[in-house]
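Structure, as structure tokens:
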Protein chains: 2
Amino acid sequence: MVFRENPRPGGRSARVQASVHQAVRDMLAVMDRAEVTIPLIAQRANVTPSTIYRRWGDLQELLADVAASRLQPETEPAEIGSVRMDLQAWTEQYADEMSSGAGREMIRDILSVPDTANAEKCSGYTQQQLRVLIARAQERGEPFPTLTELMDYVISPIMYRILFEQPPNAECVRGLISRIIPEGVVKS
Amino acid sequence: MVFRENPRPGGRSARVQASVHQAVRDMLAVMDRAEVTIPLIAQRANVTPSTIYRRWGDLQELLADVAASRLQPETEPAEIGSVRMDLQAWTEQYADEMSSGAGREMIRDILSVPDTANAEKCSGYTQQQLRVLIARAQERGEPFPTLTELMDYVISPIMYRILFEQPPNAECVRGLISRIIPEGVVKS
DNA sequence: ACCACTAACGCAAATTATTTGCTTTTAACT
DNA sequence: AGTTAAAAGCAAATAATTTGCGTTAGTGGT
């Protein structure tokens with residue numbers, strides 16, 4: 001199978017992919033994830049099950065694919081005030097979204113597949129958002145952590161808590177941020 | 001079903017559990033994870049498939065259960081020299097084991113199930129090991145990070161890299177540790 | 001503009017996994 | 001020892017997955 005790469009943007013292949021993705025999203029919105037099956041998806045997307053099996057392999061991979069595309073951010077981090085405040089607001093929202101039922105399901109779907117492409121894509125989205133904040137800080141001359149520091153000391157602990165412990169609350173998130181940007185730096 | 005809790009330690013229930021777990025371990029050792037199925041496990045464990053289905057629900061949950069039990073540490077962190085060195089050695093081994101093919105599979109199995117009990121168990125094992133080191137440092141009067149610091153700034157970044165990016169190498173692990181214990185503290 | 005080519009899809013039969021109702025076994029507790 | 005309830009076995013019914021083969025629809029060449 002050559003699939004996946006270069007699904008010509010107007011071709012039948014692309015239409016089937018869009019239709020199947022949409023079917024999955026619609027179904028996840030109205031029914032429990034556990035009762036979503038490939039035959040059902042196929043029916044709603046007006047394709048045959050074998051098409052889905054041949055293209056994605058199994059339900060896990062399809063769900064991982066859909067989840068990754070759903071995690072792609074649509075907007076840049078909001079501008080609230082200082083970049084530190086922007087970071088705090090963005091991070092709290094990130095933590096909330098990832099901690100939610102739907103968020104956790106998407107992460108699980110992405111991680112439960114052997115192929116790491118979707119997980120990397122997901123981390124890439126996060127880094128892309130953080131880079132916007134870093135550039136903003138640089139532009140304004142505000143002191144700001146590096147990408148690595150943000151990933152290691154803010155994002156990673158949040159994700160670990162979501163995956164292995166209890167989802168972090170706002171206070172916890174603020175604590176992680178204070179640790180790498182002293183409060184004193186903020187001008188309110 | 002009441003299952004799970006209190007499987008009397010010599011009873012039939014416990015024997016079936018042990019037999020199924022062993023069958024899964026044996027099979028994972030010799031065949032690809034993708035071709036392990038419940039009917040096959042049942043055959044090797046000398047039980048009927050329906051027993052496994054009724055008890056664990058599906059393959060994912062069974063694999064998660066087995067993976068969690070395999071991640072339970074058997075020994076305490078080795079005593080190398082200073083507690084800082086012990087920490088470094090233990091953490092490098094932890095990162096290696098978790099980054100390995102088998103390690104990553106176990107983590108995936110644990111995280112791909114909605115029930116978070118096994119993930120929490122897994123995090124609990126890690127904390128238990130770290131607490132041994134913390135106690136050791138306290139006993140010897142060596143300065144040492146808190147459990148939260150270790151989890152947030154060492155374990156979490158390692159796990160994030162394994163799950164979402166590239167597995168960390170030894171140098172990276174050492175870097176994470178240096179960040180919370182200055183090198184200078186070590187007396188060689 | 002037409003034709004040839006091939007990747008991707010549809011269909012349907014064969015296989016395999018999962019669910020479920022009912023029966024039997026086993027260990028815990030009188 | 002006898003009773004009982006949880007857990008296992010058995011087998012039929014259902015559902016999902018795989019696969020071979022024919023068809024369709026975009027792609028590239030003339």
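This one's a predicted model, so the numbers in the text were calculated from it and none came from an experiment.
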When you compare the side chains of A:S13 and A:R55, does any donor N or O come within less than 3.5 Å of an acceptor on the partner?
yes
Is the side chain of B:D58 donor-acceptor paired with the backbone N or O of B:E61 at a distance under 3.5 Å, no angle test?
yes
What is the distance, rounded to the nearest whole Å, between atom CD of A:E35 and atom P of C:dT19?
13 Å
Please confirm whether the shortest side-chain N or O distance from B:T51 to OP1 or OP2 of D:dG9 is below 4.0 Å.
yes
CD1 of B:I41 versus C1' of C:dA17: gap in Å, rounded?
12 Å
Under a 3.5 Å distance rule, please check whether A:S100 uses its side chain to pair with a backbone N or O of A:G103 as donor and acceptor.
yes
Counting only side-chain nitrogens and oxygens, does B:R15 get under 4.0 Å of the OP1 or OP2 atom of C:dA27?
yes
Would you list the protein and nucleotides 14-19 of chain D atom pairs, both N or O, that sit under 3.5 Å from each other?
from: D:dA16; atom 1: OP1; to: A:T37; atom 2: OG1; distance (Å): 3.4
from: D:dT17; atom 1: OP2; to: A:Y53; atom 2: OH; distance (Å): 2.1
from: D:dT17; atom 1: O5'; to: A:Y53; atom 2: OH; distance (Å): 2.8

Evaluate A:R33 against A:D109 for salt bridge (Lys or Arg N to Asp or Glu O under 4.0 Å), listing each step before the verdict.
CA-CA 10 Å; A:R33 200 191 145 295; A:D109 286 339; 2.8 Å; yes
Can you tell which of C:dG10, C:dC9, D:dG9 lies closest to the side chain of A:V47?
C:dG10
Tell me yes or no: between the side chains of A:S123 and A:T126, is some donor less than 3.5 Å from an acceptor?
no
Tell me the interatomic distance from A:N46, atom CG, to C:dC11, atom P, rounded to whole angstroms.
10 Å
Give a yes-or-no answer on whether the side chains of B:S69 and B:R25 include a donor-acceptor pair shorter than 3.5 Å.
yes
Compare side-chain N and O positions of A:R55 against OP1 and OP2 of C:dA8 and report whether any pair is under 4.0 Å apart.
no
Donor/acceptor link under 3.5 angstrom from A:R12 side chain onto base of D:dA25
no
